[in-house]
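Let me begin by presenting the structure, written as structure tokens, before commenting on it.
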Amino acid sequence: MGVPERWWPDGPAELAAVQAELGARSPAPWRPPADRPIRIGGCFCCFPRGVEGFGERGDPLWVAAVTYEDRRRIASAVRGDRARAPYVAGLLAMREGPALAAAVSELSVLPDVLLVNATGRDHPRAAGLAYHLGAALDLPTVGVTHRPLLATGDWPADEAGAAGTLTLAGAPVGAWVRTRAGRRPLVAHAGWRTDPGTAVEVVRQATGTARTPVPLREARRLARRARALR
DNA sequence: GCGACAG
DNA sequence: ATCTTGTCGC
């Protein structure tokens, strides 16, 4: 993945500069291959229970990454690490970026596209963590969150698969997606080399019986299990 | 000035 | 992110 310091600087101003540079890029669009099963990955980062709020530099954390092909998990990686900074909206990369990048890099089989618990182009500098992580790893990414950061748009109909575009400054940056009827929709974010349409398609394909896409759920489960093992 | 604000 | 409490549905 190249030199870590180049992608994950320590200071807010330095990170903002990296985001501005990355956000101005227009990487070649990636599209899911139609001739073979698509490998979808997911990564997740969790923190100690009982510690609420924004946290701080040095907080212990656990990260997990997985690769799925068809309905099966074909690779996984779990590790413990430390946060680089407290949580600050718009600067999430400074807190979790390096740890997530390290976990994904340890996968024996990389996915075609990676699901990240973060925003993508829906960001002040068009470079949320999902987009940023993809650029750092040279891997197409799709962001998945409970709500948008800055983008706005109406909720879709209450039926599985329904989607509603989210725009920021007039540009489509993601979409609300109803992965399960009767449940709150989640947000599929355009990330590194993916547009809103692709993001929705990947989320739909990765979703099983639960609201959260399978690879993301599994990465979350593994990270929390590692935390439980202390 | 005040509220909002990914995880 | 994590925690608490309450409510609804199977």
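So that the names make sense, note that chain A is the first sequence line, chain B the second, and so on, each numbered from 1. Just so it is clear, the model here is predicted, and its values are computed rather than measured.
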query = A/Phe44 and A/Thr212: side-chain contact (heavy atoms from CB on, under 4.5 Å), yes or no, with the steps?
reply = CA-CA 12 Å; A/Phe44 192 88; A/Thr212 304; over 6 Å; no

Single-linkage hydrophobic cluster, 4.5 Å side-chain cutoff, A/Leu129 and A/Val173 together = no

request  = Using salt bridge (Lys or Arg N to Asp or Glu O under 4.0 Å) as the criterion, list what pairs up with A/Glu56, not counting sequence neighbours.
outcome  = none

message = Taking any heavy-atom pair under 4.0 Å as a contact, classify A/Phe47: base, sugar-phosphate, or nothing.
response = sugar-phosphate

key: Pairing residues for A/Glu218 by the side-chain hydrogen bond (donor to acceptor under 3.5 Å, both in side chains) criterion, not counting sequence neighbours   = A/Arg73, A/Arg221

ask   = Do A/Thr145 and A/Asp122 come close enough that some side-chain heavy atom pair is under 4.5 Å?
value = no

query = Across the strands shown, which category fits A/Phe44 at heavy-atom distances under 4.0 angstrom: base, sugar-phosphate, nothing?
reply = sugar-phosphate

request  = Could you tell me whether the side chain of A/Leu114 reaches within less than 4.5 Å of the side chain of A/Pro215, counting heavy atoms only?
outcome  = no

remark   = When every non-hydrogen atom of A/Ala162 is compared with those of A/Ala157, the smallest separation belongs to CB-O, 3.4 Å

side-chain hydrogen bond (donor to acceptor under 3.5 Å, both in side chains) against A/Arg82, all qualifying residues, sequence neighbours excluded = none

Anything under 3.5 Å between a protein N or O and an N or O of nucleotides 8-10 of chain C, put it in a table, one pair a line.
none

All N/O contacts under 3.5 Å from nucleotides 3-6 of chain C to the protein, with atom names and distances to one decimal?
unit_1: C/dC3; atom_1: OP1; unit_2: A/Arg49; atom_2: NE; d: 2.5
unit_1: C/dC3; atom_1: OP1; unit_2: A/Gly50; atom_2: N; d: 3.3
unit_1: C/dC3; atom_1: OP2; unit_2: A/Arg49; atom_2: NE; d: 3.2
unit_1: C/dC3; atom_1: OP2; unit_2: A/Arg49; atom_2: NH2; d: 3.4

query = Among all residues two or more places apart in sequence or in another chain, which pass the side-chain contact (heavy atoms from CB on, under 4.5 Å) test with A/Glu106?
reply = A/Ala77, A/Arg79

query = Does the side chain of A/Ser76 come within less than 4.5 Å of A/Leu222's, by heavy atoms?
reply = yes

task = For A/Gly55, report the nucleic acid contact type (base, sugar-phosphate, nothing); a contact means any heavy atom under 4.0 Å.
result = nothing

ask   = Is DNA chain B part of any stem, that is, at least 3 consecutive Watson-Crick or G-U pairs with both distances under 3.5 Å, and where?
value = none

message = Can a donor-acceptor pair be found, under 3.5 Å and without considering hydrogens, that links the side chain of A/His123 to the backbone of A/Arg125?
response = yes

request  = For A/Trp192, enumerate each residue passing the ring-ring contact (aromatic ring centres under 6.0 Å, His included) test, keeping only those at least two apart in sequence or located in another chain.
outcome  = A/Tyr131

ask   = So what does A/Arg224 hit on the nucleic acid, given a heavy-atom distance under 4.0 Å: a base, only sugar-phosphate, or nothing?
value = sugar-phosphate

ask   = Does one hydrophobic cluster hold both A/Leu186 and A/Ile40, with members joined at side-chain heavy-atom distances below 4.5 Å?
value = yes

message = In this structure, would A/Leu216 and A/Val202 fall into the same cluster of hydrophobic residues linked by side-chain contacts under 4.5 Å?
response = yes

ask   = Please give, in whole Å, the distance from C/dA1 C1' to A/Leu216 CG?
value = 13 Å

key: Sidechain-backbone polar pair: A/His132 side chain, A/Trp7 backbone, donor-acceptor under 3.5 Å   = yes

request  = Please examine the side chains of A/Leu133 and A/Cys43, heavy atoms only from C-beta on, and report whether any two atoms are closer than 4.5 Å.
outcome  = yes

query = Quick one: stems for DNA chain C, with Watson-Crick or G-U pairs under 3.5 Å, at least three in a row?
reply = none

remark   = To the nearest angstrom, the CG-C1' distance between A/Leu91 and C/dA1 comes to 16 Å

request  = Determine whether more than 12 heavy atoms belonging to other residues, nucleotides or ligands lie under 6.0 Å from atom CZ of A/Arg49.
outcome  = no

message = Does A/Arg183, at its CZ atom, have more than 12 non-hydrogen atoms belonging to other residues, nucleotides or ligands within less than 6.0 Å?
response = no

note = Numerically ordered, the residues 112-128 of chain A set in heavy-atom contact under 4.0 Å with DNA chain B is A/Asn117, A/Ala118, A/Thr119, A/His123, A/Gly128

note = Nt span of DNA chain B in reach of chain A heavy atoms at under 4.0 Å, 5' end first, is B/dC5 to B/dG7

key: Any side-chain donor near an acceptor of the partner, A/Arg211 and A/His146, under 3.5 Å   = yes

task = Using a cut-off of strictly less than 4.0 Å between a heavy atom of the residue and any atom of DNA chain B, enumerate the qualifying residues of residues 148-187 of chain A by number.
result = A/Pro148, A/Leu149

message = Tell me whether the count of non-hydrogen atoms from other residues, nucleotides or ligands lying under 6.0 Å of CZ in A/Arg178 goes above 12.
response = yes

query = Going by heavy atoms in the side chains, are A/Arg31 and A/Glu201 under 4.5 Å from each other?
reply = yes

